[in-house]
Amino acid sequence: MPVKIEQIDACRWRIPREGAMRTEGLVFADQAMIEVLQKEQALEQVRNVATLPGIVGRSIAMPDIHWGYGFPIGGVAAFDPDDGGVVSPGGVGYDINCGVRLLRSELEVSEVRPRLKELADALFRNVPSGVGSHRRDLKLSVQEECKVLKEGAHWAVRNGFGRAEDLEHIEERGTLPDAEPELVSDRALERGRNQLGTLGGGNHFLEVQVVEEIHDEQAAAVLGLFAGQVTVSIHTGSRGLGYQVCDDSIRTMLRAAAKYGIHLPDRQLCCAPLTSPEGKQYLAAMAGAANFAFANRQLITHWVRETFEQVLGKGPAQLRMGLIYDVCHNIAKWEQHEVQGQKRRLCVHRKGATRAFPPHHPDTPALYRAIGQPVLIPGDMGRYSYVLVGTPEAFDETFGSTCHGAGRVLSRHAAKKQARGHNTETELAARGILVRAANRATVAEEISEAYKDVKDVVNIVAQAGIGRIVARLRPLAVIKG
DNA sequence: ATGTAC
């Protein structure tokens, strides 16, 4: 049965409160997207989230929403601990702190093109990719791994991977507080030991890009972006460790939901009150996995810089590969938000949604205070990605959140079927995009046609005012899992 | 997303 939905304006839709819903749903989309969504499960998931105890504001869906485990991917939901609010592993996702970071450079595309093949090969060699990828040169002791879980990107910088100033340009400065590695299972720790500094599979990637369009000159200048410039994007998360933390937590949360008498329209929404031991334990284990992901992206950054230096024969001062920003899109976090004129400390779940804090927010890096927090939106490997900044409207309407990517339109299976008879790598190479992949099947699953055009997604968030477009980046070389 | 089920 289709979910009842009412149009608010050109890019906003309301799912009215009914049945067990404690609040209404708010979906950012255009007419065409809603028509597609009516045939899928995702809107029902928005409605299910609205039934959870202690939800504050609305159950929110971004234009890249699609079906996920319990909560939709592309969803935002905030909960109040003082009103029975809950935390749910399904509201974060299996890849805890999956996120994106963007490195700038002082290079023009013309300088890199002649060495692009060499660069792609070297990056592919130096950053392990693919499901199950690991590093032969770095297997941590469990004791050291626990330090990674406590310290996140700080651990990486302290051990010579990257620069102190990188930390200023990471969400939460690259470390979630209150991580408790003791709450992470032996199995999760074992899975993570040799996976730090690896890309993984699926839609994760490492991309050399060129800035092809500047939409906001002033903001671009503040971020250090210019047309024709080479940038690097890294999209990955907490690998097998985060997966295992989520999987372990789901078992606990199913028991907890029953124990605390929480009605679940879908077992995959299993959760526990934020004030309960189970809720606190999940958040502490999740923070450890999130810190692993921050460290992961920081290590990869170090090897990307090293690779550029080696291949192009230039030093750090010439390349100036500074970190523009690193932002999470699968996480639950304590944040201060104003609700009906009152400041409240809420647990904001963003699952396939990106934090987009406004100008002058204290958590926006000092250098970017005037323009807002950078928001990194990857598209598909054949088209482009976007850089946005957060807005006051996002802070008011979506707990400071916006979309996270293009959003799939074809299942992995359907994409593979469509790619049959095509040589995707050759076709992309003909368009000036080099692909290096650990697995050819992954390339087939990741064809452009498998995704919405990310332009349509960011145009909606820009039109709605929950993000401001700064620049568009086109891929030159893509390292895939 | 994920040693794509232990």
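In what follows, every chain begins at residue 1, and chains take the letters A, B, ... in the order their sequences are listed.
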Self-check item: Polar side-chain atom of A:R431 near backbone of A:G382 as donor-acceptor pair, under 3.5 Å
Solution: yes

Quiz item: When all nucleic acid strands are considered with a 4.0 Å heavy-atom cut-off, which category describes A:H134: base, sugar-phosphate, or nothing?
Solution: nothing

Quiz item: To the nearest Å, how far apart are A:R251 CZ and B:dA5 P?
Solution: 13 Å

Quiz item: Under 4.0 Å between a side-chain N or O of A:R412 and OP1 or OP2 of B:dT4?
Solution: no

Exercise. May I ask you to say what A:G201 touches in the nucleic acid, namely base, sugar-phosphate or nothing, with a heavy-atom cut-off under 4.0 Å?
Key: sugar-phosphate

Quiz item: Quick one: is A:N330 getting a side-chain N or O under 4.0 Å of the B:dA1 phosphate, OP1 or OP2?
Solution: no

Quiz item: NA contact type, A:E445, heavy-atom cut-off 4.0 Å: base, sugar-phosphate, or nothing?
Solution: nothing

Practice problem: May I have the distance from A:D247 (atom CG) to B:dA1 (atom C1'), rounded to whole angstrom? | Solution: 12 Å

Practice problem: May I have the distance from A:Q244 (atom CD) to B:dT4 (atom C1'), rounded to whole angstrom? | Solution: 14 Å

Quiz prompt | Pairs satisfying salt bridge (charged side-chain N to carboxylate O under 4.0 Å, His left out), at least one member in residues 61-73 of chain A, at least two apart | solution = none

Practice problem: Give the rounded distance in Å between these two atoms: CG of A:L241 and P of B:dT2. | Solution: 12 Å

Quiz prompt | A:H329 and A:H235 aromatic centres sub-6.0 Å | solution = yes

Exercise. Working to the nearest 0.5 Å, report the span between CZ of A:R193 and CD of A:E145.
Key: 7.5 Å

Self-check item: Rounded distance in Å - CD (A:Q195) to C1' (B:dT2)
Solution: 9 Å

Exercise. Sequence neighbours left out, what passes salt bridge (charged side-chain N to carboxylate O under 4.0 Å, His left out) with A:D178? Give chain and number order.
Key: none

Practice problem: Please state how far atom CD in A:E446 lies from atom C1' in B:dT4, giving the value in whole angstrom units. | Solution: 14 Å

Practice problem: Under 4.0 Å between any heavy atoms, over every strand shown, what does A:G237 touch: base, sugar-phosphate, or nothing? Just pick one. | Solution: nothing

Quiz item: In whole angstrom, what separates A:D95's CG from B:dT2's P?
Solution: 6 Å

Practice problem: Under 4.0 Å between any heavy atoms, over every strand shown, what does A:G93 touch: base, sugar-phosphate, or nothing? Just pick one. | Solution: nothing

Quiz item: Rounded to the nearest Å, what distance is computed from the CD1 atom of residue A:I96 to the P atom of nucleotide B:dT2?
Solution: 12 Å

